[in-house]
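Heads up, the thing below is written out as structure tokens.
Sequential numbering from 1 along the given sequence is applied to the chain's residues.
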Amino acid sequence: MNIAALVSGGVDSSVVVHLLKEQGYNPDLFYIRIGMEDEEGYIDCPAEEDIEITRYIARKYGLRFEEVNLHKEYWDNVVSYTIESVRRGLTPNPDVMCNKLIKFGAFEQRCGHAYDRTATGHYACTAEIGGTVFLATALDPVKDQTDFLSQLDYSQIRKLMFPIGHMMKADVRRIAHEAHLPSADRKDSQGICFLGKINYNDFLRRYLGEKEGKIVELETGKVLGTHKGYWFHTIGQRKGLFLGGGPWFVVKKDIDGNVLYVSQGYDPDAQYGTEIGLLGFRYLSAPLPEWEARLEAGQVVDVKFKIRHTPDFAQGHLVRTSEGHCIHSDSRIQGIAAGQYATIYDNDAHLVVASGMIN
């Protein structure tokens, strides 16, 4: 079996290579450059150390290594999506789009199509049920990354290998030490890669500018201060408002009027909701038979779900309405932000069944 392994220089993908070799495979290693380059300047991830480690791993195991430059594809798809989503007042998720459109999209078109499988260091699993391959949760609930993979389609999922999905992070580190891998103690990457060392708000300022608007208390209509553009703020945000007598939380945005509405207190009711409407609802692999039958009959389906990256699942039920699909949560959910993705799991929190963008 021919395997393409996506490597980053981090401990997870390094251990993936080690495990594949132990299983008798000789994968070709690929490092994807996705830093941002545009006509106004250059912003890049600090890739040199990553590539140096990846080259060492390739030499250590006698494997072929190739850099794949996907700068343009990343800009045209992920960066532009991020800017446009923020401009529309949404809260984007670049990681979800990077996985769908770049790592398992543009790479597949450029190189991956020549391989039987693509292996990555994501904390996720797959499970075959009735001949259909489903995305499934990882053993380590803290590291599970299935929510970042929830926009993949079936053609992508059935080709993927997740060699560390059945392992705890501590065991991955242990194997890296035992194999004397140079990435054994490297910190996990955080943040949005294309920004490099640039602050997110500085990035938004560069492309969206500033525009002064009012900060208004939702309950009273009282003007409390001003801000420099709704695009610098997200629902549920507390920091960066610079208001006295707080804490204050962003609970609503008027995009046309460039107004932020805030509520006071550590736990304001305005931060919470129980109904999550979904745009573009889709099954990743296939609907579970009992789901489709119940939804067609106008009944509800008990589900677990996430609306942000967290180890915890929320409990609720999925319904189909005249306007599409909606999740009704059994408990109040904080910071429901339009533009983020809801990931919907079976009631055992094992299979990733569906997803949709929050509206």
Side-chain angles (χ1 to χ4, degrees), residues 85 90-93 95-97 99-100 124-139 141-142 144-154 156-158 234-236 251-252 267-359:
S85 295
L90 304 175
T91 302
N93 194 322
D95 293 314
V96 170
M97 288 297 103
N99 285 323
K100 177 180 176 61
C125 295
T126 56
E128 186 171 333
I129 300 176
T132 299
V133 180
F134 286 85
L135 183 66
T137 51
L139 176 66
V142 174
D144 180 82
Q145 294 174 298
T146 51
D147 51 321
F148 291 139
L149 301 169
S150 65
Q151 279 291 295
L152 300 186
D153 60 34
Y154 187 64
Q156 295 169 316
I157 292 169
R158 66 182 178 180
T234 61
I235 300 299
V251 295
K252 183 180 177 183
D267 200 26
D269 286 339
Q271 278 197 85
Y272 291 82
T274 57
E275 188 170 308
I276 304 165
L278 302 176
L279 291 174
F281 173 90
R282 53 183 292 276
Y283 294 106
L284 276 69
S285 297
L288 297 178
E290 62 272 22
W291 282 36
E292 197 64 6
R294 292 184 65 86
L295 292 174
E296 285 286 352
Q299 299 174 329
V300 304
V301 175
D302 291 334
V303 298
K304 295 287 196 311
F305 69 93
K306 294 182 182 182
I307 64 167
R308 62 177 60 86
H309 186 55
T310 170
D312 301 316
F313 296 89
Q315 179 73 52
H317 52 271
L318 178 68
V319 298
R320 181 182 294 167
T321 70
S322 58
E323 299 177 351
H325 290 78
C326 182
I327 301 171
H328 292 280
S329 177
D330 290 354
S331 58
R332 298 189 310 158
I333 301 293
Q334 190 266 346
I336 301 172
Q340 286 283 291
Y341 286 92
T343 306
I344 304 169
Y345 303 79
D346 64 4
N347 207 34
D348 295 326
H350 174 54
L351 301 179
V352 187
V353 183
S355 70
M357 189 175 78
I358 300 171
N359 66 7

Exercise. Are any side-chain N or O atoms of D302 and backbone N or O atoms of H317, one a donor and one an acceptor, separated by less than 3.5 Å?
Worked result: no
Problem set entry | Step-by-step salt bridge (Lys or Arg N to Asp or Glu O under 4.0 Å) determination, D153 to R282 | CA-CA 9 Å; D153 60 34; R282 53 183 292 276; 5.2 Å; no
Problem set entry | Heavy-atom pair with the smallest gap, counting every atom of S355 and T343 | CB-CA, 4.4 Å
Seminar exercise, completed: Correct closest heavy-atom pair for Y345 and F305 would be CD1-CA, 4.1 Å
Problem set entry | R332 side chain near D269 side chain, heavy-atom distance below 4.5 Å | yes
Problem set entry | Parallel, tilted or perpendicular, as decided by the 30° and 60° cut-offs, for the rings of F281 and H325 | parallel
Problem set entry | Contact check, side chains of W291 and I344, non-hydrogen atoms, under 4.5 Å | yes
Exercise. Do L295 and L318 have side-chain heavy atoms sitting under 4.5 Å apart?
Worked result: yes
For this session: Mind listing the closest non-hydrogen atom pair of D144 and A138 along with its distance?
Result: OD1-N, 2.7 Å
Exercise. To the nearest 0.5 Å, how far apart are NZ in K306 and OG1 in T146?
Worked result: 5.0 Å
Seminar exercise, completed: Here the pair of heavy atoms bringing A286 nearest to V353 is O-CG1, 4.2 Å
For this session: Look at the side chain of K100 and the backbone N and O of L152, then say whether any donor-acceptor pair between them is shorter than 3.5 Å.
Result: no
For this session: Measure the CD-OG1 distance between E275 and T321 for me, rounded to the nearest 0.5 Å.
Result: 8.5 Å
Exercise. Taking it one step at a time, do S329 and Q315 satisfy side chain to side chain donor-acceptor pair (under 3.5 Å)?
Worked result: CA-CA 6 Å; S329 177; Q315 179 73 52; over 6 Å; no
Problem set entry | Sub-4.5 Å side-chain heavy-atom contact between F313 and T137 | yes
Exercise. If you count the non-hydrogen atoms of other residues, nucleotides and ligands that lie under 6.0 Å from CD in E290, is the total more than 12?
Worked result: yes
Exercise. What distance do L351 atom CG and L288 atom CG have between them, rounded to the nearest 0.5 Å?
Worked result: 6.0 Å
Problem set entry | D348 side-chain N/O to H350 backbone N/O, donor-acceptor pair under 3.5 Å | no
Exercise. Backbone N or O of V133 within a donor-acceptor pair of the T126 side chain at under 3.5 Å?
Worked result: no
For this session: Identify the heavy atoms of I157 and S285 that sit nearest to each other, and give their distance.
Result: CD1-OG, 3.9 Å
Exercise. With no hydrogens and no angle check, is any side-chain donor or acceptor of R158 less than 3.5 Å from a backbone partner on F134?
Worked result: no
For this session: Output, in order, the C-alpha distance, side-chain angles, deciding distance and verdict of side chain to side chain contact (heavy atoms under 4.5 Å, CB included) for T274 and I333.
Result: CA-CA 6 Å; T274 57; I333 301 293; over 6 Å; no
For this session: Find out whether V303 and D346 are in side-chain contact, i.e. whether some heavy atom of one side chain is under 4.5 Å from a heavy atom of the other.
Result: no
Exercise. Are the side chains of V352 and L149 in touch, meaning some heavy atoms are under 4.5 Å apart?
Worked result: no
Exercise. Does Q340 reach the main-chain N or O of A337 with its side chain, forming a donor-acceptor pair under 3.5 Å?
Worked result: no
Exercise. So, does D95 use its side chain to make a donor-acceptor pair with the main chain of F148 at under 3.5 Å?
Worked result: no
Exercise. With side chains defined as the heavy atoms from C-beta onward, is the minimum distance between Q151 and M357 less than 4.5 Å?
Worked result: no
Seminar exercise, completed: Nearest heavy-atom approach of I307 to A342 is CG2-CB, 4.3 Å
Exercise. Taking R308 for the side chain and G335 for the main chain, is one N or O donor matched with an acceptor at less than 3.5 Å?
Worked result: yes
